[in-house]
Number of protein chains: 2
Amino acid sequence: MDAIDLSLVELLRGNARLSYAELARQVGLSAPAVHERVGKLEAGGVIRSYRADVEPEAIGLGVTALIGIVQDSGGDTDDVLEAIRGMPEIESCYFMAGVESFLLKARVGTIAELEQLILRLNRTAGVASTRTAVALSTKWENRPQPLSPS
Amino acid sequence: MDAIDLSLVELLRGNARLSYAELARQVGLSAPAVHERVGKLEAGGVIRSYRADVEPEAIGLGVTALIGIVQDSGGDTDDVLEAIRGMPEIESCYFMAGVESFLLKARVGTIAELEQLILRLNRTAGVASTRTAVALSTKWENRPQPLSPS
DNA sequence: CTCAGAACGTGGACGCGATCGACCTGAGCC
DNA sequence: GGCTCAGGTCGATCGCGTCCACGTTCTGAG
């Protein structure tokens with residue numbers, strides 16, 4: 001993980017569809033060399049995937065909510081986690097310090113669907129309570145920050 | 001926005017580096033037709049960008065925190081927003097219903113940097129108070145959910 | 001009904017990019 | 001020195017991206 005790898009990661013965080021030839025020009029190596037480096041970054045787990053960032057409203061996911069989960073005192077964390085994992089509406093899941101064990105980001109089409117999701121969460125074994133906050137608007141999301149060498 | 005556009009969006013959400021030729025095979029059109037459709041999806045704002053999803057620890061961003069912002073009663077929301085926008089550590093920003101006007105997702109390298117960030121936020125004009133919760137681990141993030149036609 | 005035009009597709013052509021193999025170079029080590 | 005290995009360049013080949021000319025379908029006007 002040298003400075004060139006870091007540049008490649010930064011370039012691909014900004015635009016995942018850059019060609020190897022273009023990456024090569026940017027970092028001053030040949031295309032095969034870049035191909036090899038990017039392959040190693042993928043194999044080593046540094047680059048996990050390439051995603052198109054899509055306007056959620058355009059695909060019928062206009063409602064964003066953040067949901068905190070308080071666990072039952074006796075509940076098993078892994079069971080709760082697996083139950084949550086099975087709900088496709090939950091786009092992100094963080095395990096937190098604090099009273100709320102998990103913080104979830106969910107996206108659904110309508111408030112009615114959000115209601116159903118919350119009911120399902122409250123019915124889940126190991127979940128003592130939930131706290132939901134609805135996002136009125138998403139100002140930005142997953143903005144890549146400039147990297148400092150490590 | 002027909003069923004084919006939806007398939008293209010779904011394919012690119014799963015893997016943003018698919019070639020037009022491959023997309024064409026998947027949806028049963030020719031490569032130029034796919035090229036044209038994807039271009040329109042980009043121009044129309046449905047596809048906003050293509051991003052490499054990178055393991056944060058690998059690039060020195062091992063600390064994730066979620067921060068709620070309570071606004072001053074007299075403060076201007078836009079000013080606060082612009083101040084937040086200027087902080088690169090804030091990867092996501094949601095405008096919320098509830099006491100806390102904003103919910104931020106921040107990533108930094110160390111707890112010390114998080115401390116500095118929180119101090120800077122509290123010092124920001126228009127910010128009455130902040131509430132920070134540190135994520136112990138990220139179970140998953142930005143998982144694309146299967147699309148239903150709209 | 002017929003016609004014009006728009007929207008959207010296909011197929012061909014051509015240049016560039018992806019990718020493979022052969023070879024080069026410098027560092028580390030006996 | 002000479003071996004080995006990591007990591008690069010170069011050159012060749014093949015497939016992809018992209019432009020363009022043309023065909024088809026649909027729609028609305030006369």
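Residue numbers begin at 1 in each chain, while the letters A, B, ... track the order of the sequences. The figures that follow rest on heavy atoms only: side chains count, while hydrogens, waters and symmetry mates do not.
- With respect to E22(A) and R25(A), a salt bridge is recorded, a charged nitrogen being found less than 4.0 Å from a carboxylate O.
- Here the two rings, on F102(A) and Y94(A), have centers that are 6.0 Å apart or farther.
- Here D78(A) pairs with D76(A) under the side-chain contact (heavy atoms from CB on, under 4.5 Å) rule; sequence neighbours left out.
- Here A133(B) pairs with M96(A) under the side-chain contact (heavy atoms from CB on, under 4.5 Å) rule; sequence neighbours left out.
- For dA18(C), neither phosphate oxygen OP1 nor OP2 lies less than 4.0 angstrom from any side-chain nitrogen or oxygen of H35(A).
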Heavy atoms under 4.0 Å is the rule here; annotate nucleotides 5-13 of chain D 5' to 3' with B where the base is hit, S where only the sugar-phosphate is, and - elsewhere. --SSBB---
Let me check something: any side-chain donor-acceptor pairs from residues 60-71 of chain B under 3.5 Å, sequence neighbours excluded? List them with distances.
from: T64(B); atom 1: OG1; to: R107(B); atom 2: NH1; distance (Å): 2.5
from: Q71(B); atom 1: OE1; to: T77(B); atom 2: N; distance (Å): 3.4
from: Q71(B); atom 1: OE1; to: T77(B); atom 2: OG1; distance (Å): 3.1
from: Q71(B); atom 1: NE2; to: T77(B); atom 2: OG1; distance (Å): 3.2
from: Q71(B); atom 1: NE2; to: S101(B); atom 2: OG; distance (Å): 3.0

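- Remark: R25(B) is in phosphate contact with dC16(D), judged by side-chain N or O atoms under 4.0 Å from OP1 or OP2.
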Under 3.5 Å, which donor-acceptor pairs link side chains of residues 119-128 of chain A to any protein atom two or more places apart or in another chain?
from: R120(A); atom 1: NH2; to: E89(A); atom 2: OE2; distance (Å): 2.9
from: N122(A); atom 1: OD1; to: T130(A); atom 2: OG1; distance (Å): 3.4
from: N122(A); atom 1: ND2; to: I118(A); atom 2: O; distance (Å): 3.2
from: N122(A); atom 1: ND2; to: T130(A); atom 2: OG1; distance (Å): 3.3
from: T124(A); atom 1: OG1; to: R120(A); atom 2: O; distance (Å): 2.8
from: T124(A); atom 1: OG1; to: L121(A); atom 2: O; distance (Å): 3.3

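- Only at 4.0 angstrom or more do the heavy atoms of residues 9-22 of chain B sit from any atom of DNA chain C, so none qualifies.
- Relative to the six-membered ring of Y50(A), R13(A) misses at least one condition, a distance below 6.0 Å or an angle of at most 45° to the axis.
- In this structure, D53(A) does not pair ionically with R143(A), as no charged nitrogen and carboxylate oxygen lie closer than 4.0 Å.
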